[in-house]
There are 4 protein chains.
Amino acid sequence: MRFKVAVLGATGMVGQKFIQLLENHPWFEISALAASEKRVGKPYGEEVNWLVSANVPECVRDMEMVPMDPKHVDADIVFSALPSNVAREVEAAFAKEGFVVASNASAFRMEEDVPLVIPEVNPDHLQLVETQKKKRGWDGFIVTNPNCTTIMLVISLKPLMDLGLKTVRVASMQALSGAGYPGVPSMAITDNVIPFIKGEEEKVETEPLKLLGKFDGKKVNPAPIKVSASCHRVPVIDGHTEAVWVEFDRDVSVEEAIAAFESLKPLDLPTSPEKVIIVRSEPDRPQPRLDRDEGNGMSVVVGRVRKDSNGLKYIVMGHNTVRGAAGASILNAELMAKNGMI
Amino acid sequence: MRFKVAVLGATGMVGQKFIQLLENHPWFEISALAASEKRVGKPYGEEVNWLVSANVPECVRDMEMVPMDPKHVDADIVFSALPSNVAREVEAAFAKEGFVVASNASAFRMEEDVPLVIPEVNPDHLQLVETQKKKRGWDGFIVTNPNCTTIMLVISLKPLMDLGLKTVRVASMQALSGAGYPGVPSMAITDNVIPFIKGEEEKVETEPLKLLGKFDGKKVNPAPIKVSASCHRVPVIDGHTEAVWVEFDRDVSVEEAIAAFESLKPLDLPTSPEKVIIVRSEPDRPQPRLDRDEGNGMSVVVGRVRKDSNGLKYIVMGHNTVRGAAGASILNAELMAKNGMI
Amino acid sequence: MRFKVAVLGATGMVGQKFIQLLENHPWFEISALAASEKRVGKPYGEEVNWLVSANVPECVRDMEMVPMDPKHVDADIVFSALPSNVAREVEAAFAKEGFVVASNASAFRMEEDVPLVIPEVNPDHLQLVETQKKKRGWDGFIVTNPNCTTIMLVISLKPLMDLGLKTVRVASMQALSGAGYPGVPSMAITDNVIPFIKGEEEKVETEPLKLLGKFDGKKVNPAPIKVSASCHRVPVIDGHTEAVWVEFDRDVSVEEAIAAFESLKPLDLPTSPEKVIIVRSEPDRPQPRLDRDEGNGMSVVVGRVRKDSNGLKYIVMGHNTVRGAAGASILNAELMAKNGMI
Amino acid sequence: MRFKVAVLGATGMVGQKFIQLLENHPWFEISALAASEKRVGKPYGEEVNWLVSANVPECVRDMEMVPMDPKHVDADIVFSALPSNVAREVEAAFAKEGFVVASNASAFRMEEDVPLVIPEVNPDHLQLVETQKKKRGWDGFIVTNPNCTTIMLVISLKPLMDLGLKTVRVASMQALSGAGYPGVPSMAITDNVIPFIKGEEEKVETEPLKLLGKFDGKKVNPAPIKVSASCHRVPVIDGHTEAVWVEFDRDVSVEEAIAAFESLKPLDLPTSPEKVIIVRSEPDRPQPRLDRDEGNGMSVVVGRVRKDSNGLKYIVMGHNTVRGAAGASILNAELMAKNGMI
């Protein structure tokens with residue numbers, strides 16, 4: 001089981017995280033790093049402003065960057081860490097030419113024929129690719145993972161669906177790395193909270209309906225829930241913390257909810273954590289600095305599950321550039337590799 | 001109009017803020033600073049770890065601290081910056097001996113015969129002091145102001161009451177100064193969020209019902225609303241930011257809500273801000289570092305008022321040690337002074 | 001005594017600070033705000049990302065920005081908050097056309113015929129403008145103030161010159177605002193120190209020699225001292241802290257040094273602080289957050305003056321965008337106004 | 001090669017780091033955790049406020065804490081993470097009863113007969129224990145490691161000794177973890193620098209002379225150098241950054257210094273890093289957040305080596321609770337184990 005993988009948008013924050021997670025991957029080997037025109041031909045190690053650890057991994061240090069063009073990329077899987085506006089055209093070009101594109105960009109997420117997938121939540125949605133290929137006449141296809149705030153939330157909501165989930169309100173306290181680099185100026189966020197992230201609330205309010213929706217063999221029928229989000233930036237490096245209120249169509253106890261959280265099964269995939277959801281019982285957890293590396297950043301940590309007059313409330317936290325971005329795409333690719341889709 | 005005022009718990013964070021706000025007060029003059037036993041007899045300037053500006057104000061620098069005992073305090077009004085456990089006994093002792101106690105402590109807030117007051121919200125509740133004095137046989141009385149998170153919230157809720165407010169959910173992002181000094185260790189909060197503040201959610205869920213309740217001449221009847229809170233500490237020095245969801249018994253437009261917010265009238269008191277609520281139209285405001293000093297810290301700033309499937313959502317922010325603590329007590333005292341209650 | 005003043009580069013961090021300090025200035029009135037081409041014609045309040053307080057001052061909110069061209073600017077004094085590369089051409093153009101340019105940029109600082117001035121340190125250097133005008137054939141002239149790290153240092157060194165100062169070593173811990181906006185990315189500096197600021201050490205090692213040099217009627221003879229600097233960025237919003245080692249040609253006591261620091265006289269100018277240098281005796285001062293606003297940001301605060309095997313060491317701290325930038329230019333302009341140079 | 005080890009002061013910040021580093025140690029196994037009276041008998045996992053990772057390691061979670069008394073401790077080596085005032089009595093008691101005490105406390109560091117050791121710098125000083133045992137009549141002995149700021153500095157100075165090092169000036173920017181827990185209040189250090197750490201400069205100015213001194217078979221003769229320190233706290237979690245000026249008795253080039261730094265040999269011990277000193281050539285390194293985990297926190301990173309009028313200057317950075325505390329003690333113990341001293 002060995003696949004050649006390329007990273008599109010390799011020098012950005014999420015691109016760096018892709019490389020870090022792929023460095024010693026048992027199935028995937030980096031065969032190409034694609035970047036914008038001005039970086040083409042230059043060694044990755046010289047071009048990147050490497051920020052996720054002390055040193056650029058050796059395996060890519062001297063790799064010359066290639067254009068974001070299917071003709072120049074030799075790979076079985078293409079991971080996309082592109083900004084959404086660039087992603088639309090580039091990802092389509094790769095899919096058309098037969099590549100499997102595992103994308104972290106938002107460009108195609110809500111398209112009817114594009115799977116938006118969390119392996120532990122809705123793996124069956126991957127079947128949408130057949131429709132996609134047929135409808136678009138592509139040899140390859142695009143599979144997407146959700147927004148970084150959405151994914152933590154939805155992993156925690158999935159087990160609550162069977163308990164009769166109806167409405168969700170979420171207030172996020174999002175990490176700086178989510179804005180990329182240079183991203184949020186230090187002068188804007190030091191000793192401060194910025195109660196706004198452009199486009200974020202719209203994503204958090206719509207993506208869960210697709211993720212938790214039912215695939216009927218042809219299309220995904222949105223889940224019959226309502227989600228309302230308020231998104232805020234806080235001075236934290238990594239780890240999105242979310243305060244969640246959930247209402248059900250019946251009375252649900254704290255114990256039932258915890259049992260449901262803990263019942264979410266991990267998959268047998270290299271990047272899959274031992275526990276998908278870790279429920280902590282301390283009164284003051286999860287905390288991003290302490291808990292974001294659980295399961296190598298792929299576990300989601302839940303705490304403070306408590307009764308509310310109209311349902312329950314709890315905190316969910318996860319690593320936004322691992323489970324919330326690069327790790328999410330890689331897990332999707334692993335699932336597809338295992339399923340024989342690649 | 002000149003009154004002698006004392007500060008109980010003068011060396012703590014809130015005590016310092018009392019002194020700072022009273023330094024050049026037109027009506028009030030600091031006549032005594034009371035502190036715990038070990039500090040008695042020592043000059044304030046030598047004992048305090050002054051943190052709210054460069055220098056201890058001259059007017060108190062050499063003032064010798066006195067015991068927290070009515071016999072040793074010469075004052076018309078006693079401001080209490082005490083921790084709740086100490087406040088219970090000490091404040092009662094002062095009230096019994098005829099002092100007017102304006103307390104920021106939580107000890108007596110929810111007692112049936114003790115006014116919990118925000119001057120712009122429920123000034124008529126002050127009349128409860130008659131019951132209090134009679135029932136307890138005290139010559140003086142205690143008047144309290146709410147918790148720092150409650151007060152921002154309730155100032156924003158007051159104008160919404162007439163629009164048919166029913167339920168409130170609030171996620172707070174609270175400043176470090178709210179925990180006093182030494183308070184939150186830097187090792188606990190740097191690059192972190194702590195999603196828990198002991199006792200806070202209980203206060204935020206109960207105090208608004210009393211504050212927004214109706215005084216019927218004898219007692220306060222709690223407002224018929226429900227409040228649910230999730231409280232979090234973030235790395236911000238001053239200024240509590242709160243994400244609020246409100247539901248009404250009818251459809252309320254963003255414009256109606258904004259008009260209501262802006263209709264809340266300031267009082268004609270020295271510490272009263274020009275605008276009680278400032279509504280900002282930018283997509284990314286209020287922000288604590290930029291907006292916390294509006295109205296010298298006494299204004300509350302609202303922004304991002306937006307429609308939600310089940311009502312509205314918005315952000316409210318205010319200075320937690322000014323409007324949320326010392327300034328709140330002082331404003332209460334000013335109202336009482338003007339009303340002839342002192 | 002009323003002068004019309006323009007600000008070049010009005011939307012940047014230092015430009016904002018100029019406007020804030022000029023808002024209620026007794027002598028100066030803002031008559032024009034000049035900015036880059038794309039902003040010309042637009043109201044200042046709409047274009048600026050105002051970060052230094054809650055609101056853009058009313059006096060400039062609706063002011064339409066003009067090009068950085070002498071023909072479009074009506075003013076007696078032009079304050080320059082331009083980046084150095086732009087400053088070279090633009091400032092010269094204004095000086096040529098007869099304007100008095102008070103510049104915070106580094107472009108002309110070290111030119112032989114351009115005064116580099118701190119009013120309390122070397123006011124006589126202003127006489128260089130006669131040479132400048134003659135040599136360059138300009139109707140106006142340029143006067144500069146030093147780099148933000150240099151100025152705190154040199155204010156503290158000036159009184160030590162008479163004690164036989166020989167060598168200086170300085171390690172700076174510089175604030176974020178010094179890098180402007182967007183400036184330092186939060187991802188780069190949160191939980192971090194960056195031990196490098198481009199071009200800074202060179203400025204700190206050369207400017208003091210000119211500032212402390214003797215004007216002989218024709219030119220400035222550099223002071224016979226050596227300065228060595230190590231410059232570092234730390235997560236502080238405003239206020240540069242500097243650890244200084246000084247060696248003398250004789251033995252100098254702590255008391256002598258303190259007496260010298262305190263002897264530096266303030267000038268009788270609107271922006272001049274009551275004390276130029278404040279010496280604090282506490283073991284842990286100065287601290288930027290507590291001390292940066294002393295003298296409205298124009299005082300420099302010294303502490304921890306202590307004996308060293310080869311001289312003395314101490315800490316000096318000052319507000320980098322006030323005393324270290326906009327305030328420095330304004331003080332220079334005030335001195336020139338008083339001297340009748342404008 | 002298996003030894004039983006105990007940790008004294010196991011619940012503090014350094015105690016936690018000891019446990020973390022010992023968790024999977026190939027030679028050492030934790031046999032006892034000693035703590036103050038009130039914690040005795042309680043499981044470690046319930047008592048500790050674990051801050052260095054998500055979870056208390058399993059191997060100690062249920063371990064009942066014992067008194068800091070030789071009679072209650074079964075171990076070959078005792079690691080001391082005690083505060084200095086407690087260390088004096090407790091460490092002596094253990095050494096007297098035959099234990100090998102590897103201490104991070106400052107209590108005995110400067111005693112004439114107690115080795116102060118960095119294995120790569122002065123391993124021969126360990127021979128002092130013979131004198132110590134004889135003189136004090138102890139069956140065991142105490143070996144110490146230096147202060148966290150000293151150790152980074154001295155590792156960088158050791159290779160410079162042969163180049164004729166004469167004087168050293170160091171300005172430190174020290175991390176929060178160095179102050180333990182609760183340590184520095186967030187209200188004191190957010191948006192701030194504290195230019196003072198009690199007792200620190202004295203240690204940094206004296207310990208290097210002993211560490212770099214020559215052992216003549218009987219005692220250590222202090223190195224003929226002078227060290228002057230200015231110590232400052234900055235808002236960084238882990239990693240002390242130090243700006244260093246060095247003067248020599250001859251001219252030393254940057255290349256010579258770099259070659260010397262890189263020539264310092266690692267030891268063949270489990271905790272020893274591959275490179276003792278990593279020299280980085282980028283203009284803006286080392287940085288604590290990026291470089292502190294090099295060599296699992298045991299490497300020291302040097303950068304910005306540059307010529308100065310009177311010698312050289314450079315930056316050195318290392319992980320203060322690993323190389324600067326727990327890791328230093330463990331490396332000392334490993335060296336003693338290998339030498340057959342235990």
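Bear in mind the structure is a predicted one, so any value in this text is a computation, not a measurement. Throughout, a chain's letter reflects where its sequence line sits, starting with A, and its residues are numbered from 1.
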Side chain, backbone, both or neither: which part of [X] has a heavy atom under 4.5 Å from chain C?
X	answer
D:Thr241	side chain
D:Ile237	both
D:Val170	backbone
D:Asp238	backbone
D:Asn192	both
D:Arg292	side chain
D:Val234	side chain
D:Ala175	neither

Only pairs of heavy atoms separated by less than 4.5 Å count here; which of [options] has the most with chain D?
options	value
C:Asp284, C:Asp308, C:Leu176, C:Val244	C:Asp284
C:Lys226, C:Arg169, C:Arg233	C:Arg169
C:Ala243, C:Gly303, C:Pro283	C:Pro283
C:Ala171, C:Ser228, C:Ala188	C:Ser228

- prompt: With only heavy atoms counted, which part of C:Asp191 is less than 4.5 Å from chain D, the side chain, the backbone, both or neither?
  reply: both
message: Report which part of C:Glu201 has an atom under 4.5 Å of a heavy atom belonging to chain D: side chain, backbone, both, or neither.
response: side chain
Distance-only donor-acceptor check, side chains [X] and [Y], under 3.5 Å:
X	Y	result
D:Glu207	D:Asn147	no
D:Asn310	C:Thr167	no
D:Glu294	D:Ser299	no
D:Arg306	C:Ser230	yes
C:Thr149	C:Glu242	no
C:Ser106	C:Ser84	yes

Kindly say whether [Y] contributes a backbone atom to a donor-acceptor pair with the side chain of [X] at under 3.5 angstrom?
X	Y	answer
D:Gln16	D:Met13	no
D:Lys313	C:Ala229	yes
C:Asn122	C:Gly213	no

